[in-house]
Amino acid sequence: MADDDSGLKKPATQVVTGGRRKNWTGAVVNPPIWRGSTHLYENVADLREGLKTNDDGRFFYGRRGSPTQWSLADALTEMEPGAAGTMLYPSGVAAISCALLAVLNPGDEILLTDSSYDPSRSFADAFLKRMGITARYYDPLIGADIAEMFGPATKAILMESPGSLTFEVQDVPAICKAANAAGIVTLLDNTWATSRFFPALQHGVDIAITAATKYIVGHSDVMMGAVTTHDKYWPRLRRTAQQLGQVVSPDDAYLAARGLRTLDVRLRQHEASALEIARWLKQRSEVGLVLHPALPDCPGHDIWKRDFKGASGLFSFELADADEHSRAVFIDALALFGIGYSWGGFESLALPVDPAKHRSAVPWTRRGALVRLNIGLEDPADLIADLAKAFEYYHSVSP
Ligand SMILES: *Cc1c(COP(=O)(O)O)cnc(C)c1O
(Lines give C-alpha, C1' and ligand atoms only; values in the text may rest on other atoms or scores of the structure.)
Protein backbone atom coordinates (compact mmCIF):
# COMPACT_ATOMS: atom_id res chain seq x y z
CA MET A 1 0.00 0.00 0.00
CA ALA A 2 2.69 2.45 1.07
CA ASP A 3 4.62 2.46 -2.18
CA ASP A 4 2.11 1.73 -4.91
CA ASP A 5 1.32 5.35 -5.87
CA SER A 6 3.67 5.20 -8.87
CA GLY A 7 3.07 8.11 -11.18
CA LEU A 8 1.86 10.32 -8.35
CA LYS A 9 4.07 12.96 -6.83
CA LYS A 10 5.55 12.18 -3.43
CA PRO A 11 3.61 13.69 -0.49
CA ALA A 12 6.18 16.38 0.36
CA THR A 13 6.01 17.57 -3.25
CA GLN A 14 2.22 17.35 -3.38
CA VAL A 15 1.70 19.69 -0.46
CA VAL A 16 4.06 22.22 -2.00
CA THR A 17 2.62 22.16 -5.52
CA GLY A 18 -1.04 21.25 -4.85
CA GLY A 19 -3.74 23.63 -6.06
CA ARG A 20 -1.32 26.13 -7.53
CA ARG A 21 -3.00 26.52 -10.93
CA LYS A 22 -1.71 29.47 -12.87
CA ASN A 23 -5.10 30.35 -14.35
CA TRP A 24 -6.46 30.75 -10.81
CA THR A 25 -3.59 32.41 -9.07
CA GLY A 26 -1.55 34.24 -11.67
CA ALA A 27 2.17 34.68 -11.09
CA VAL A 28 2.31 34.62 -7.29
CA VAL A 29 3.46 31.49 -5.47
CA ASN A 30 0.72 30.99 -2.91
CA PRO A 31 -2.86 31.56 -4.12
CA PRO A 32 -3.84 35.05 -2.91
CA ILE A 33 -7.00 35.99 -1.01
CA TRP A 34 -9.92 36.63 -3.36
CA ARG A 35 -12.57 38.26 -1.19
CA GLY A 36 -15.99 38.63 -2.71
CA SER A 37 -19.66 37.83 -2.45
CA THR A 38 -20.81 39.18 -5.81
CA HIS A 39 -18.92 38.08 -8.88
CA LEU A 40 -19.63 40.34 -11.84
CA TYR A 41 -20.57 38.89 -15.23
CA GLU A 42 -19.75 40.37 -18.62
CA ASN A 43 -23.36 40.42 -19.74
CA VAL A 44 -26.67 38.56 -19.36
CA ALA A 45 -25.61 35.74 -21.66
CA ASP A 46 -22.53 35.19 -19.49
CA LEU A 47 -24.78 35.13 -16.40
CA ARG A 48 -26.98 32.47 -18.01
CA GLU A 49 -23.91 30.46 -19.00
CA GLY A 50 -22.82 30.41 -15.36
CA LEU A 51 -25.91 28.42 -14.40
CA LYS A 52 -24.95 25.51 -16.62
CA THR A 53 -22.17 24.07 -14.48
CA ASN A 54 -21.46 23.74 -10.80
CA ASP A 55 -17.76 23.09 -10.53
CA ASP A 56 -14.88 24.75 -8.79
CA GLY A 57 -12.90 26.93 -11.16
CA ARG A 58 -15.70 29.20 -12.36
CA PHE A 59 -16.80 32.42 -10.65
CA PHE A 60 -20.47 32.27 -9.76
CA TYR A 61 -21.25 33.75 -6.34
CA GLY A 62 -19.24 33.96 -3.11
CA ARG A 63 -20.93 30.95 -1.58
CA ARG A 64 -19.35 28.77 -4.26
CA GLY A 65 -15.91 30.08 -3.40
CA SER A 66 -13.09 31.75 -5.27
CA PRO A 67 -9.65 30.57 -6.38
CA THR A 68 -8.49 30.75 -2.75
CA GLN A 69 -10.91 28.03 -1.62
CA TRP A 70 -10.78 26.07 -4.92
CA SER A 71 -7.04 25.86 -4.72
CA LEU A 72 -7.06 24.47 -1.18
CA ALA A 73 -9.79 21.95 -2.00
CA ASP A 74 -7.90 20.91 -5.12
CA ALA A 75 -4.71 20.31 -3.14
CA LEU A 76 -6.55 18.19 -0.56
CA THR A 77 -8.18 16.13 -3.33
CA GLU A 78 -4.82 15.47 -4.96
CA MET A 79 -3.47 14.13 -1.66
CA GLU A 80 -6.19 11.48 -1.50
CA PRO A 81 -5.69 9.05 -4.43
CA GLY A 82 -9.03 7.94 -5.88
CA ALA A 83 -10.87 11.11 -4.86
CA ALA A 84 -13.26 13.09 -7.06
CA GLY A 85 -13.34 16.24 -4.96
CA THR A 86 -13.20 17.98 -1.58
CA MET A 87 -15.73 20.21 0.18
CA LEU A 88 -14.59 22.70 2.82
CA TYR A 89 -16.54 23.53 5.99
CA PRO A 90 -16.16 26.14 8.73
CA SER A 91 -15.13 23.51 11.31
CA GLY A 92 -14.36 19.83 11.63
CA VAL A 93 -17.69 19.29 13.35
CA ALA A 94 -19.52 20.93 10.44
CA ALA A 95 -17.66 18.59 8.08
CA ILE A 96 -18.77 15.51 10.03
CA SER A 97 -22.39 16.66 10.39
CA CYS A 98 -22.75 17.65 6.73
CA ALA A 99 -21.14 14.44 5.48
CA LEU A 100 -23.61 12.40 7.55
CA LEU A 101 -26.55 14.48 6.37
CA ALA A 102 -25.45 13.85 2.79
CA VAL A 103 -25.84 10.09 3.10
CA LEU A 104 -28.56 9.46 5.71
CA ASN A 105 -32.36 9.51 5.46
CA PRO A 106 -35.14 9.21 8.04
CA GLY A 107 -35.52 5.59 9.15
CA ASP A 108 -31.85 4.77 8.58
CA GLU A 109 -29.44 3.45 11.17
CA ILE A 110 -25.82 4.49 11.57
CA LEU A 111 -23.08 2.58 13.37
CA LEU A 112 -20.45 4.67 15.13
CA THR A 113 -17.25 3.64 16.85
CA ASP A 114 -17.45 3.80 20.62
CA SER A 115 -14.23 5.83 20.46
CA SER A 116 -15.94 8.60 18.45
CA TYR A 117 -15.09 12.23 18.99
CA ASP A 118 -17.64 13.41 21.53
CA PRO A 119 -19.40 15.99 19.29
CA SER A 120 -19.91 13.22 16.67
CA ARG A 121 -21.71 11.17 19.32
CA SER A 122 -23.77 14.16 20.33
CA PHE A 123 -24.76 14.88 16.70
CA ALA A 124 -25.86 11.26 16.25
CA ASP A 125 -27.61 10.89 19.61
CA ALA A 126 -29.46 14.20 19.56
CA PHE A 127 -29.71 15.72 16.06
CA LEU A 128 -29.90 12.57 13.93
CA LYS A 129 -32.33 11.08 16.41
CA ARG A 130 -34.66 14.03 15.82
CA MET A 131 -34.46 13.22 12.09
CA GLY A 132 -35.62 9.67 12.81
CA ILE A 133 -32.16 8.17 12.37
CA THR A 134 -30.92 5.74 15.02
CA ALA A 135 -27.34 5.35 16.17
CA ARG A 136 -25.64 2.27 17.59
CA TYR A 137 -22.05 2.06 18.83
CA TYR A 138 -19.49 -0.62 18.08
CA ASP A 139 -16.26 -1.78 19.72
CA PRO A 140 -13.42 -0.01 17.86
CA LEU A 141 -11.57 -3.34 17.69
CA ILE A 142 -14.53 -5.14 16.06
CA GLY A 143 -12.96 -5.56 12.60
CA ALA A 144 -14.83 -7.75 10.11
CA ASP A 145 -17.26 -8.89 12.84
CA ILE A 146 -19.05 -5.60 12.35
CA ALA A 147 -21.08 -7.47 9.72
CA GLU A 148 -22.94 -9.18 12.57
CA MET A 149 -24.36 -5.80 13.60
CA PHE A 150 -25.79 -4.99 10.17
CA GLY A 151 -29.55 -4.81 9.97
CA PRO A 152 -31.87 -3.85 7.12
CA ALA A 153 -31.81 -0.19 8.19
CA THR A 154 -28.01 0.08 8.56
CA LYS A 155 -26.88 2.61 5.96
CA ALA A 156 -23.65 4.16 7.22
CA ILE A 157 -20.62 3.55 9.45
CA LEU A 158 -18.65 6.39 11.02
CA MET A 159 -15.14 5.26 11.95
CA GLU A 160 -12.39 7.16 13.67
CA SER A 161 -8.97 5.58 13.67
CA PRO A 162 -7.25 5.97 15.98
CA GLY A 163 -9.72 7.38 18.50
CA SER A 164 -8.58 10.81 19.68
CA LEU A 165 -8.64 10.02 23.43
CA THR A 166 -7.87 6.30 23.65
CA PHE A 167 -6.16 5.68 20.28
CA GLU A 168 -7.55 2.27 19.35
CA VAL A 169 -6.54 1.62 15.74
CA GLN A 170 -9.38 0.10 13.73
CA ASP A 171 -9.23 -2.48 10.99
CA VAL A 172 -10.58 0.02 8.49
CA PRO A 173 -10.06 -2.20 5.40
CA ALA A 174 -11.96 -5.11 7.03
CA ILE A 175 -14.83 -2.86 8.15
CA CYS A 176 -15.04 -1.25 4.70
CA LYS A 177 -15.02 -4.63 2.97
CA ALA A 178 -17.93 -5.88 5.10
CA ALA A 179 -19.81 -2.60 4.63
CA ASN A 180 -19.24 -2.53 0.90
CA ALA A 181 -20.58 -6.05 0.49
CA ALA A 182 -23.74 -4.96 2.32
CA GLY A 183 -24.15 -1.67 0.42
CA ILE A 184 -23.34 0.43 3.49
CA VAL A 185 -21.45 3.71 3.08
CA THR A 186 -18.27 4.15 5.13
CA LEU A 187 -17.05 7.42 6.59
CA LEU A 188 -13.78 7.94 8.45
CA ASP A 189 -12.71 10.77 10.72
CA ASN A 190 -9.09 10.78 9.57
CA THR A 191 -7.96 13.84 11.54
CA TRP A 192 -5.15 12.10 13.46
CA ALA A 193 -3.32 10.58 10.49
CA THR A 194 -4.42 12.88 7.65
CA SER A 195 -4.25 11.49 4.12
CA ARG A 196 -0.46 11.80 4.43
CA PHE A 197 -0.22 8.90 6.90
CA PHE A 198 -3.45 7.11 5.98
CA PRO A 199 -4.80 7.55 2.44
CA ALA A 200 -8.34 6.64 3.44
CA LEU A 201 -9.93 6.05 0.03
CA GLN A 202 -7.13 3.65 -0.93
CA HIS A 203 -8.02 1.64 2.17
CA GLY A 204 -11.63 1.30 1.08
CA VAL A 205 -13.24 4.31 2.80
CA ASP A 206 -15.96 6.09 0.82
CA ILE A 207 -15.89 9.45 2.59
CA ALA A 208 -12.79 10.81 4.34
CA ILE A 209 -13.25 13.59 6.88
CA THR A 210 -10.52 15.80 8.33
CA ALA A 211 -10.71 18.47 10.99
CA ALA A 212 -8.34 20.74 9.05
CA THR A 213 -8.24 22.88 12.21
CA LYS A 214 -5.61 20.42 13.41
CA TYR A 215 -2.70 19.40 11.18
CA ILE A 216 -3.70 20.99 7.85
CA VAL A 217 -3.90 24.48 9.35
CA GLY A 218 -1.18 23.53 11.83
CA HIS A 219 -0.89 26.90 13.55
CA SER A 220 -3.86 26.93 15.96
CA ASP A 221 -5.37 30.01 14.34
CA VAL A 222 -8.14 28.80 12.00
CA MET A 223 -11.16 26.50 12.31
CA MET A 224 -11.89 24.35 9.24
CA GLY A 225 -13.11 20.96 8.11
CA ALA A 226 -12.71 19.07 4.85
CA VAL A 227 -14.49 16.08 3.32
CA THR A 228 -13.04 14.17 0.38
CA THR A 229 -14.83 11.45 -1.54
CA HIS A 230 -14.93 9.48 -4.78
CA ASP A 231 -17.25 9.75 -7.79
CA LYS A 232 -20.17 7.89 -6.28
CA TYR A 233 -20.76 10.26 -3.35
CA TRP A 234 -19.19 13.46 -4.67
CA PRO A 235 -22.31 15.01 -6.30
CA ARG A 236 -24.44 14.35 -3.23
CA LEU A 237 -21.79 15.61 -0.82
CA ARG A 238 -21.37 18.80 -2.83
CA ARG A 239 -25.08 19.41 -3.25
CA THR A 240 -25.77 18.88 0.45
CA ALA A 241 -23.01 21.29 1.49
CA GLN A 242 -24.41 23.89 -0.89
CA GLN A 243 -27.97 23.34 0.32
CA LEU A 244 -26.79 23.81 3.89
CA GLY A 245 -24.96 26.99 2.88
CA GLN A 246 -21.52 25.77 3.88
CA VAL A 247 -18.67 28.05 2.89
CA VAL A 248 -15.28 28.96 4.35
CA SER A 249 -13.86 32.46 4.13
CA PRO A 250 -11.11 33.13 1.60
CA ASP A 251 -8.97 34.45 4.47
CA ASP A 252 -9.27 31.17 6.34
CA ALA A 253 -8.66 29.15 3.17
CA TYR A 254 -5.53 31.20 2.54
CA LEU A 255 -4.18 30.43 6.02
CA ALA A 256 -5.04 26.75 5.66
CA ALA A 257 -3.26 26.59 2.29
CA ARG A 258 -0.25 28.30 3.86
CA GLY A 259 -0.24 25.69 6.62
CA LEU A 260 -0.60 22.87 4.13
CA ARG A 261 2.71 23.74 2.39
CA THR A 262 4.65 22.59 5.44
CA LEU A 263 2.40 19.67 6.43
CA ASP A 264 4.92 17.03 5.43
CA VAL A 265 7.89 18.41 7.37
CA ARG A 266 5.70 19.27 10.33
CA LEU A 267 4.17 15.81 10.52
CA ARG A 268 7.54 14.13 10.31
CA GLN A 269 8.82 16.25 13.19
CA HIS A 270 5.63 15.75 15.24
CA GLU A 271 6.07 12.02 14.69
CA ALA A 272 9.72 11.90 15.77
CA SER A 273 9.25 14.12 18.82
CA ALA A 274 6.05 12.38 20.00
CA LEU A 275 7.68 8.95 19.70
CA GLU A 276 10.72 10.08 21.66
CA ILE A 277 8.51 11.45 24.43
CA ALA A 278 6.14 8.47 24.44
CA ARG A 279 9.12 6.10 24.83
CA TRP A 280 10.53 8.24 27.62
CA LEU A 281 7.17 8.20 29.41
CA LYS A 282 6.95 4.43 28.98
CA GLN A 283 9.96 3.86 31.23
CA ARG A 284 8.73 6.20 34.01
CA SER A 285 7.49 4.47 37.16
CA GLU A 286 4.51 6.86 37.42
CA VAL A 287 3.18 5.85 34.00
CA GLY A 288 0.88 2.91 33.19
CA LEU A 289 -0.27 2.47 29.61
CA VAL A 290 1.10 4.69 26.86
CA LEU A 291 -1.61 4.88 24.22
CA HIS A 292 0.42 5.73 21.14
CA PRO A 293 -0.42 3.72 17.99
CA ALA A 294 3.28 3.12 17.24
CA LEU A 295 3.86 1.50 20.67
CA PRO A 296 2.76 -2.06 21.52
CA ASP A 297 0.59 -0.93 24.50
CA CYS A 298 -1.88 0.58 22.07
CA PRO A 299 -4.87 -1.56 21.06
CA GLY A 300 -4.65 -2.10 17.30
CA HIS A 301 -0.89 -1.44 17.18
CA ASP A 302 -0.41 -4.28 14.64
CA ILE A 303 -3.02 -2.74 12.38
CA TRP A 304 -1.25 0.60 12.63
CA LYS A 305 1.96 -1.13 11.52
CA ARG A 306 0.17 -2.78 8.61
CA ASP A 307 -1.82 0.22 7.32
CA PHE A 308 -0.25 3.52 8.33
CA LYS A 309 2.68 5.40 6.83
CA GLY A 310 3.44 7.19 10.06
CA ALA A 311 2.20 8.47 13.41
CA SER A 312 1.31 12.03 14.24
CA GLY A 313 1.95 13.93 17.45
CA LEU A 314 -1.10 13.19 19.62
CA PHE A 315 -1.23 10.40 22.20
CA SER A 316 -2.37 9.66 25.75
CA PHE A 317 -0.73 8.10 28.76
CA GLU A 318 -2.01 6.82 32.05
CA LEU A 319 -0.82 8.26 35.34
CA ALA A 320 -0.97 4.91 37.06
CA ASP A 321 -2.10 5.71 40.58
CA ALA A 322 -3.41 9.20 40.08
CA ASP A 323 -6.87 10.47 40.88
CA GLU A 324 -8.41 13.52 39.32
CA HIS A 325 -6.76 15.86 41.81
CA SER A 326 -3.22 14.55 41.48
CA ARG A 327 -3.58 14.51 37.69
CA ALA A 328 -4.49 18.20 37.87
CA VAL A 329 -1.44 18.83 40.07
CA PHE A 330 0.76 17.19 37.43
CA ILE A 331 -0.74 19.06 34.49
CA ASP A 332 -0.72 22.41 36.28
CA ALA A 333 2.99 21.92 37.02
CA LEU A 334 3.86 21.78 33.29
CA ALA A 335 5.31 25.01 31.95
CA LEU A 336 5.82 24.30 28.22
CA PHE A 337 2.53 22.46 27.70
CA GLY A 338 -0.53 24.67 27.41
CA ILE A 339 -3.87 23.51 28.78
CA GLY A 340 -6.50 23.70 26.08
CA TYR A 341 -8.63 21.92 23.53
CA SER A 342 -7.67 21.08 19.98
CA TRP A 343 -4.30 19.85 18.78
CA GLY A 344 -2.15 19.60 15.65
CA GLY A 345 -0.63 23.04 16.14
CA PHE A 346 3.05 23.86 16.56
CA GLU A 347 2.67 24.23 20.35
CA SER A 348 2.49 21.42 22.88
CA LEU A 349 -0.67 20.87 24.93
CA ALA A 350 -1.71 18.68 27.84
CA LEU A 351 -5.31 17.76 28.59
CA PRO A 352 -6.99 15.60 31.23
CA VAL A 353 -9.27 13.13 29.41
CA ASP A 354 -11.92 10.81 30.84
CA PRO A 355 -13.04 8.30 28.20
CA ALA A 356 -15.38 6.49 30.62
CA LYS A 357 -17.84 9.39 30.22
CA HIS A 358 -18.06 8.91 26.45
CA ARG A 359 -18.55 5.14 26.18
CA SER A 360 -21.57 2.91 25.73
CA ALA A 361 -20.55 -0.24 23.78
CA VAL A 362 -17.37 -1.18 25.66
CA PRO A 363 -16.93 0.42 29.07
CA TRP A 364 -13.55 2.04 29.80
CA THR A 365 -12.31 0.19 32.87
CA ARG A 366 -8.71 1.37 33.33
CA ARG A 367 -8.29 2.94 36.74
CA GLY A 368 -5.39 5.31 36.06
CA ALA A 369 -6.04 8.91 35.07
CA LEU A 370 -5.40 9.68 31.40
CA VAL A 371 -3.44 12.67 30.16
CA ARG A 372 -3.47 13.50 26.46
CA LEU A 373 -0.45 15.23 24.98
CA ASN A 374 -0.20 17.15 21.74
CA ILE A 375 3.49 17.20 20.96
CA GLY A 376 4.35 20.41 19.16
CA LEU A 377 7.50 21.54 17.41
CA GLU A 378 9.50 22.58 20.47
CA ASP A 379 12.76 20.73 21.11
CA PRO A 380 11.73 17.36 22.58
CA ALA A 381 14.56 17.60 25.14
CA ASP A 382 12.91 20.70 26.61
CA LEU A 383 9.52 18.96 26.66
CA ILE A 384 11.01 15.94 28.42
CA ALA A 385 12.70 18.19 30.98
CA ASP A 386 9.36 19.91 31.57
CA LEU A 387 7.59 16.57 32.09
CA ALA A 388 10.36 15.39 34.44
CA LYS A 389 10.00 18.55 36.53
CA ALA A 390 6.24 18.10 36.72
CA PHE A 391 6.71 14.49 37.90
CA GLU A 392 9.09 15.76 40.61
CA TYR A 393 6.55 18.30 41.81
CA TYR A 394 3.79 15.68 41.60
CA HIS A 395 5.78 13.45 43.99
CA SER A 396 6.58 16.31 46.34
CA VAL A 397 2.89 17.05 46.96
CA SER A 398 1.40 13.53 46.63
CA PRO A 399 1.21 11.29 49.69
C1 LIG B 1 -11.11 18.50 16.75
C2 LIG B 1 -11.68 17.30 16.14
C3 LIG B 1 -12.82 17.38 15.34
C4 LIG B 1 -13.59 18.65 15.15
O5 LIG B 1 -12.88 19.68 14.57
P6 LIG B 1 -13.26 21.21 14.87
O7 LIG B 1 -12.59 21.93 13.79
O8 LIG B 1 -12.73 21.49 16.24
O9 LIG B 1 -14.75 21.34 14.81
C10 LIG B 1 -13.28 16.23 14.76
N11 LIG B 1 -12.68 15.05 14.97
C12 LIG B 1 -11.59 14.93 15.74
C13 LIG B 1 -10.98 13.60 15.92
C14 LIG B 1 -11.07 16.05 16.36
O15 LIG B 1 -10.01 15.94 17.17
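Values below: all heavy atoms of this structure, side chains included; hydrogens, waters and symmetry mates excluded. Note that ligands are numbered from 1 as they come in the structure, with each ligand's atoms numbered from 1 the same way.
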Show me the side-chain donor-acceptor pairs of residues 349-357 shorter than 3.5 Å, one per line, residues at least two apart or across chains.
from : atom 1 : to   : atom 2 : distance (Å)
D354 : OD1    : R327 : NH1    : 3.2
D354 : OD1    : R327 : NH2    : 3.0
D354 : OD2    : R327 : NH2    : 3.1

Take the angle between the ring planes of F123 and F127 and call it parallel below 30°, perpendicular above 60°, tilted in between. parallel

Members other than W24 in its cluster, when Ile, Leu, Val, Met, Phe, Trp, Tyr link by side-chain heavy atoms under 4.5 Å? W34, F59, W70

Taking only Lys NZ, Arg NE, NH1 and NH2, and the carboxylate oxygens of Asp or Glu, determine whether R366 and E318 approach each other closer than 4.0 Å. yes

Pairs of nitrogen or oxygen atoms, one from ligand 1 and one from the protein, closer than 3.5 Å: please tabulate them with distances.
from     : atom 1 : to   : atom 2 : distance (Å)
ligand 1 : 7 (O)  : G92  : N      : 2.8
ligand 1 : 7 (O)  : T213 : OG1    : 2.6
ligand 1 : 9 (O)  : G92  : N      : 3.1
ligand 1 : 9 (O)  : V93  : N      : 2.9
ligand 1 : 11 (N) : D189 : OD2    : 2.6
ligand 1 : 15 (O) : K214 : NZ     : 2.7
ligand 1 : 15 (O) : W343 : NE1    : 2.9

Partners passing ring-ring contact (aromatic ring centres under 6.0 Å, His included) against F198 (at least two apart in sequence or in another chain): H203, F308

Is the H292 ring parallel, tilted or perpendicular to the W192 ring (thresholds 30°, 60°)? perpendicular

